[in-house]
Amino acid sequence: DNARFLGVSVSLDDVYPSALHLGYVDGTAPHVLDPAFFGASGDYVNIGRFCAPVSDAGVRREIRSVTERYRSHYERAYSYLSAAYAADPAAYGTLLSDEDAEAARRRARSSAARELPLSPGEGARSERFLSAITCKGELRCEDTLTGLCRRIYALEARLGLADIFLREFADAAAERGHRHIVCRDALSPGHLEAVLLPDRGVAFLAVAPGREPGFKPERTLRLDSIPASGPPRPALRALRKSLSSDRKAAAALRSSAVEAMAEAKKLHDELELLYRPYVNFAGLTQAGDEAISSLFD
């Protein structure tokens with residue numbers, strides 16, 4: 001049920017009725033998008049034709065001013081998010097050795113052997129986002145998680161081992177024939193935040209300090225203890241001292257990004273009010289109804 005992954009919606013940017021194998025997506029700024037192969041795999045829907053030219057000179061000046069401020073807040077937000085990623089000590093896994101990574105993979109394979117009996121299924125994989133950084137704060141669709149999975153294991157995610165564990169577990173799920181959902185991290189989509197197996201009612205979720213879930217997990221897997229299990233490493237101990245300050249810096253930058261997005265949202269709402277008198281809503285509604293009818297002709 002893809003709709004469950006919408007979570008708390010600020011606004012809708014796309015609709016994807018999967019059974020029809022098509023979708024409609026907002027391709028305007030700040031997420032400009034073009035069809036991959038115009039006319040063959042996609043098309044443009046010009047709803048701008050339902051907005052009349054703005055005739056009032058004062059309104060035109062106000063639109064330009066609000067638009068420029070709106071864009072500047074988004075640029076600030078993206079800069080903060082880039083800096084937050086750079087400050088996050090788990091983002092690059094630089095504190096880890098090859099032995100640490102292999103230990104996390106072994107632990108993932110052990111968990112898969114315990115949780116996932118061999119199945120004749122195809123091991124189909126789908127991808128979703130479970131979390132988002134928005135103008136309303138950092139959101140995680142925990143109702144989706146707890147609704148699909150009865151048992152949720154939390155993974156310590158301070159050093160970057162959770163992503164390694166989740167990737168290995170997802171590969172094991174595919175090999176063992178189990179349908180699974182991989183959820184990418186909102187700040188760093190190249191990393192995984194969770195793996196869900198709804199048919200088995202089990203999930204593994206990466207949990208970092210300050211971003212703990214609002215429910216009690218089945219169990220917490222202490223992945224961060226893996227590097228400490230081998231011989232003492234003075235360099236690692238020295239680097240660990242900076243973890244707390246780095247995490248605080250990343251959290252502060254994410255918070256600044258949220259504030260910038262909130263300001264952008266206020267200005268976005270102002271723009272809508274400025275344009276509203278010039279929009280032909282009746283024509284827009286009719287065009288939408290015609291598009292819906294054409295899907296079922």
Side-chain angles (χ1 to χ4, degrees), residues 81 84-116 123-131 133 138 140 145 149 151-197 200 202-213 217-233 235-244 246-247 250-251 254:
L81 291 176
Y85 174 76
D88 188 344
Y92 301 102
T94 52
L95 303 185
L96 306 174
S97 68
D98 291 342
E99 291 79 7
D100 298 330
E102 185 55 35
R105 294 188 187 98
R106 286 197 301 270
R107 195 158 185 183
R109 287 193 292 268
S110 175
S111 295
R114 183 180 64 254
E115 296 286 348
L116 308 176
R125 174 175 299 178
S126 55
E127 295 193 8
R128 300 287 186 271
F129 281 96
L130 191 64
S131 300
I133 301 174
E138 296 188 55
R140 179 190 289 144
L145 190 58
C149 301
R151 292 178 295 119
I152 303 168
Y153 294 91
L155 307 174
E156 287 184 326
R158 291 179 298 177
L159 303 179
L161 286 169
D163 175 67
I164 296 171
F165 179 104
L166 290 168
R167 289 182 180 279
E168 190 71 18
F169 189 89
D171 289 344
E175 293 167 3
R176 289 173 170 267
H178 291 274
R179 180 176 71 94
H180 58 289
I181 303 168
V182 297
C183 300
R184 295 190 174 275
D185 184 84
L187 180 63
S188 172
H191 294 76
L192 298 187
E193 180 186 17
V195 176
L196 286 63
L197 293 100
R200 298 290 299 169
V202 64
F204 288 81
L205 172 70
V207 176
R211 303 173 72 185
E212 292 82 1
E218 180 82 6
R219 181 185 168 195
T220 297
L221 302 187
R222 307 293 179 186
L223 298 183
D224 292 344
S225 66
I226 287 176
S229 61
R233 287 183 296 207
L236 177 59
R237 287 199 299 269
L239 285 170
R240 274 184 166 178
K241 292 180 180 179
S242 68
L243 284 177
S244 178
D246 286 347
R247 284 195 301 272
R254 291 198 305 271

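Along the sequence shown, the residues carry numbers beginning at 1.
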Do His191 and Tyr85 come close enough that some side-chain heavy atom pair is under 4.5 Å?
yes
Any residue meeting salt bridge (charged side-chain N to carboxylate O under 4.0 Å, His left out) with Asp185, in chain and number order, not counting sequence neighbours:
none
Holding to salt bridge (charged side-chain N to carboxylate O under 4.0 Å, His left out), I want the full list of residues that pass it with Arg179, two or more places apart in sequence or in another chain.
Asp199
Across all chains, not counting sequence neighbours, the salt bridge (charged side-chain N to carboxylate O under 4.0 Å, His left out) partners of Arg176 are none
Partners of Ala172 by side chain to side chain contact (heavy atoms under 4.5 Å, CB included), sequence neighbours excluded?
Ala112
For Ser126, the side chain to side chain contact (heavy atoms under 4.5 Å, CB included) test, sequence neighbours excluded, returns Arg128, Ile181
Just to verify, what does His180 make a side-chain hydrogen bond (donor to acceptor under 3.5 Å, both in side chains) with, not counting sequence neighbours?
Arg125
To the nearest 0.5 Å, how far apart are NE2 in His178 and CZ in Arg200?
5.5 Å
For Arg167, all residues meeting side-chain hydrogen bond (donor to acceptor under 3.5 Å, both in side chains), sequence neighbours excluded:
Asp163
With a 4.0 Å cut-off on N to O distance, would you call Glu102 and Arg109 a salt bridge?
yes
Contact between Leu192 and Arg184 at the side-chain level, heavy atoms closer than 4.5 Å - yes or no?
yes
Counting only N and O atoms by type, is there a donor-acceptor contact under 3.5 Å from the side chain of Ser111 to the main-chain atoms of Arg107?
yes
Sequence neighbours excluded, which residues qualify as side chain to side chain contact (heavy atoms under 4.5 Å, CB included) partners of Ala194?
Leu130, Cys183, Leu196, Leu205
Side chain to side chain contact (heavy atoms under 4.5 Å, CB included) filter on Ala162, not counting sequence neighbours, yields Leu155, Ala157, Ala206, Leu223
Salt bridge (charged side-chain N to carboxylate O under 4.0 Å, His left out) involving Glu218 - partner list, sequence neighbours excluded
none
Exercise: identify the closest heavy-atom pair between Val195 and Ala170
CG2-CB, 4.1 Å
Qualifying residues under side-chain hydrogen bond (donor to acceptor under 3.5 Å, both in side chains), relative to Glu115, sequence neighbours excluded
Arg151, Tyr153
With a 4.5 Å limit on heavy-atom distance, are the side chains of Leu161 and Glu156 in contact?
no
How many angstroms lie between atom OG1 of Thr220 and atom CD1 of Ile152, to the nearest 0.5 angstrom?
11.5 Å
Who pairs with Ser131 by side-chain hydrogen bond (donor to acceptor under 3.5 Å, both in side chains), at least two apart in sequence or on another chain?
Glu193
Ignoring hydrogens and geometry, is there a side-chain-to-backbone donor-acceptor pair from Arg254 to Leu187 under 3.5 Å?
no
Over all heavy atoms of both residues, which pair between Pro189 and Phe129 is shortest? Give the atoms and the distance, please.
CB-CZ, 4.3 Å
